[in-house]
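Here the structure comes first, spelled out in structure tokens, and everything after it is commentary.
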Amino acid sequence: MSTQVAPDVDLKSRGIPWHVVVGGFVTLLVVAILGHQASARDTDDEDETGFPFWQLWLLLWGVVRLMQLLLALVFMFLIILVVRQRSILYVPTPPGTQRSPGNNPYNLRSPASWKMPFEDVWIATEDGTRIHGWLVYQPPDDWQGDEAPFTFVYFHGNAGNIGHRLENIRDMHQRLRVNVLIIDYRGYGNSEDGPGPSESGFMMDAIGTYRWIIDRINNPVRNQVVKMRADRILLFGRSIGGAVAIRLFAHLLKEQLEQKRRAEDLSLPLPAGLVLENTFTSLRDMAVQVFPFLRFLSFLLRPPLIFDEWKGADGLKFVTRHLDHWCCCLLSGLQDEIVPPIQMRQLHGILKEARPKVLKFFVFQHGGHNDTPTRGGEDYWKSFRRYMELVSESEGDRRQGRAELQLR
């Protein structure tokens, strides 16, 4: 099968329709010309009276008009960005694609196309929205007794559906010998729309997914063939999915800390760790990267003008401040044209200040935003396997540390 990766989306091109820009510019230009003609008549009148500085005055008038034009364009651009920000950020159906995996090209419709054993999964979230996913699992005969493979809870990027990630899932399944639970967020794929894609909605989807898998482990269905363990779960996130994974981990940790302070039983165990690929530090930082002129207006890039902040860096800081025994891996493609690689280095810098039990940072010279696994080739999977080996080796120490839940 040919190499298939999730579709990239040019966020700049989604920021404001070209016809709106042209129309606004023409309108403002006409206003400026009419204003110039009126001013020219006034200037002629002044010239008849012998006003000596009319040329300087005309120059200053032109500068003021130009500044007004630029400010009006910037203001119009900001208004449209604010109104359209969620439609810019969340792209369930990129150009040339269909929303449902069932309408994808044949080899992107189902794990069955890749001959992987799987279950079709439906998960109810806190607000009643039902989301769809696949649980791709390892053959149970490969694992004896209480042994179980690691399970990745996979949060994909902002564009396309879970079918667009099937080749990546196949490679994880074969090369890492892991189970993979991947879901489509609300408004994506076959999942219900609910109130529509948003940060709060995505987090309800993520929390509901994690609760579902823990419940499935604790209460196996009849004749279950999937082998999983609660202490062998890793959160994987690419692009915005990394921000989802970070926020989910921080949410679960905060919930545990509050329950311990209230001397309550812990409701949900923590994942073993995180794997973050081409993830950004915050949506504010991304907005400045995509639209550089916003750097001068960054003080405005906060609620209520920004609906979804996605503060991944702050989430990581919270985890590193309060937890010792966990694992984290960062996978960065240096040719990423959407998320600047420097943002992955900034996340790594946060982690180095209070290192988790296992910390690995791998960079891939030719990796793009969505194709780092394919362009990274064998080096990518060798690096990933090394991280998984370290996670396995640290299990004893992490288990003891988690029992104590050491706080920083």
Side-chain angles (χ1 to χ4, degrees), residues 121-131 133 135 146 148 150-155 179 181 183 185-186 194 198-221 224 226-237 243-275 309-328 350-351 354-358 391 394-408:
V121 170
W122 287 92
I123 298 169
T125 63
E126 181 183 355
D127 67 347
T129 304
R130 295 174 71 244
I131 59 173
L135 175 58
D146 293 333
F150 280 93
T151 298
F152 283 176
V153 180
Y154 187 135
F155 299 109
N179 304 320
L181 172 60
I183 55 103
Y185 311 111
R186 59 189 59 212
S198 66
E199 183 174 11
S200 60
F202 276 28
M203 290 313 303
M204 281 190 280
D205 298 342
I207 295 167
T209 299
Y210 195 76
R211 288 186 181 279
W212 182 90
I213 198 168
I214 294 299
D215 183 67
R216 177 66 180 270
I217 292 169
N218 293 336
N219 304 285
V221 298
Q224 175 169 303
V226 185
K227 302 199 74 172
M228 297 182 289
R229 278 185 9 205
D231 62 344
R232 290 199 133 201
I233 295 175
L234 289 163
L235 307 182
F236 174 88
V244 176
I246 292 170
R247 281 214 53 200
L248 174 59
F249 200 115
H251 169 84
L252 295 170
L253 176 58
K254 183 178 181 180
E255 192 175 67
Q256 276 209 4
L257 294 174
E258 291 175 350
Q259 289 171 341
K260 285 186 72 70
R261 291 188 180 105
R262 296 195 299 263
E264 297 175 355
D265 293 336
L266 302 181
S267 58
L268 291 172
L270 295 176
L274 291 170
V275 181
E309 296 187 276
W310 287 116
K311 294 182 176 180
D314 288 354
L316 269 190
K317 289 175 183 176
F318 177 82
V319 175
T320 56
R321 282 199 306 266
H322 295 286
L323 188 65
D324 289 300
H325 291 77
W326 67 294
C327 307
C328 191
I350 293 170
L351 291 163
R355 298 178 71 92
K357 189 69 177 177
V358 175
V391 174
S394 69
E395 279 189 298
D397 289 341
R398 283 189 292 105
R399 192 175 297 115
Q400 180 179 355
R402 292 292 179 86
E404 301 168 0
L405 194 60
Q406 295 182 6
L407 305 184
R408 284 196 167 108

Exercise. For the residue pair Trp326 and Val319, establish whether any side-chain heavy-atom pair is separated by less than 4.5 Å.
Key: yes
Exercise. Mind checking the CD1-CD spacing from Ile217 to Gln224? Nearest 0.5 Å is all I need.
Key: 8.5 Å
Quiz item: So, for His251 and Ile207, which heavy atoms are closest and what is the spacing to 0.1 Å?
Solution: NE2-CD1, 3.5 Å
Practice problem: Heavy atoms only: give me the nearest Ser394-Val358 pair and the separation to one decimal. | Solution: OG-CG2, 3.8 Å
Quiz prompt | Under 3.5 Å: donor-acceptor pair, side chain of Arg186, backbone of Gly201 | solution = yes
Quiz prompt | Among Asp215, Asp205, Leu248, the one residue meeting side chain to side chain contact (heavy atoms under 4.5 Å, CB included) with Tyr210 | solution = Leu248
Quiz item: Quick one: does Arg211's side chain get under 4.5 Å of Ile123's, heavy atoms only?
Solution: no
Exercise. Would you sort out whether Leu316 and Phe249 count as a side-chain contact (heavy atoms from CB on, under 4.5 Å), showing the intermediate values?
Key: CA-CA 9 Å; Leu316 269 190; Phe249 200 115; over 6 Å; no
Quiz prompt | Closest approach of Arg229 to Asp231 (non-hydrogen atoms, all atoms of both residues) | solution = NE-OD1, 3.0 Å
Quiz item: Could you state the interatomic distance from CZ (Arg216) to OG1 (Thr151), rounded to the nearest 0.5 Å?
Solution: 10.5 Å
Practice problem: Could you tell me which non-hydrogen atom of Gly273 sits nearest to which non-hydrogen atom of Leu234, and how far apart they are? | Solution: N-CD2, 3.4 Å
Quiz item: Any side-chain heavy atom of Glu309 sitting closer than 4.5 Å to one from Asp314?
Solution: no
Quiz prompt | Chi angles and distances behind the side-chain contact (heavy atoms from CB on, under 4.5 Å) call for Val121, Thr209 | solution = CA-CA 10 Å; Val121 170; Thr209 299; over 6 Å; no
Quiz prompt | Ala148 versus Arg232, closest heavy-atom pair with distance | solution = O-NH1, 2.6 Å
Exercise. Could you tell me the separation between the CG atom of Leu253 and the CG atom of Leu323, rounded to the nearest 0.5 Å?
Key: 5.5 Å
Practice problem: Taking the side chain as every heavy atom from C-beta outward, state whether Leu252 and Pro271 have any pair of such atoms under 4.5 Å apart. | Solution: yes
Exercise. List the steps and the verdict of side-chain contact (heavy atoms from CB on, under 4.5 Å) for Trp310 and Phe202.
Key: CA-CA 11 Å; Trp310 287 116; Phe202 276 28; 3.7 Å; yes
Quiz item: Does a side-chain heavy-atom distance below 4.5 Å link Ile183 with Trp212?
Solution: no
Quiz item: Do the side chains of Leu268 and Glu255 get nearer than 4.5 Å, heavy atoms only?
Solution: yes
Quiz item: More than 12 heavy atoms of other residues, nucleotides or ligands under 6.0 Å from CD of Glu126: is that the case?
Solution: no
Quiz item: Once you round to the nearest 0.5 Å, how far does CD1 of Ile233 lie from CZ of Phe150?
Solution: 10.5 Å
Practice problem: Step by step, work out the side-chain contact (heavy atoms from CB on, under 4.5 Å) result for Thr129 and Met204. | Solution: CA-CA 9 Å; Thr129 304; Met204 281 190 280; over 6 Å; no
Quiz item: Can you say whether the rings of Phe236 and Phe152 are parallel (under 30°), tilted (30 to 60°) or perpendicular (over 60°)?
Solution: parallel
Quiz item: Closest approach of Ile214 and Ala230, non-hydrogen atoms and distance?
Solution: CD1-CB, 4.1 Å
Quiz item: Ignoring hydrogens and geometry, is there a side-chain-to-backbone donor-acceptor pair from Asp397 to His325 under 3.5 Å?
Solution: no
Quiz item: Are His322 and Lys254 close enough that some pair of their side-chain heavy atoms sits under 4.5 Å apart?
Solution: no
Self-check item: Check: Val221 and Val226 side chains under 4.5 Å, non-hydrogen atoms
Solution: no
Self-check item: Value rounded to 0.5 Å, distance of NZ in Lys227 from CG in Asn179
Solution: 11.0 Å
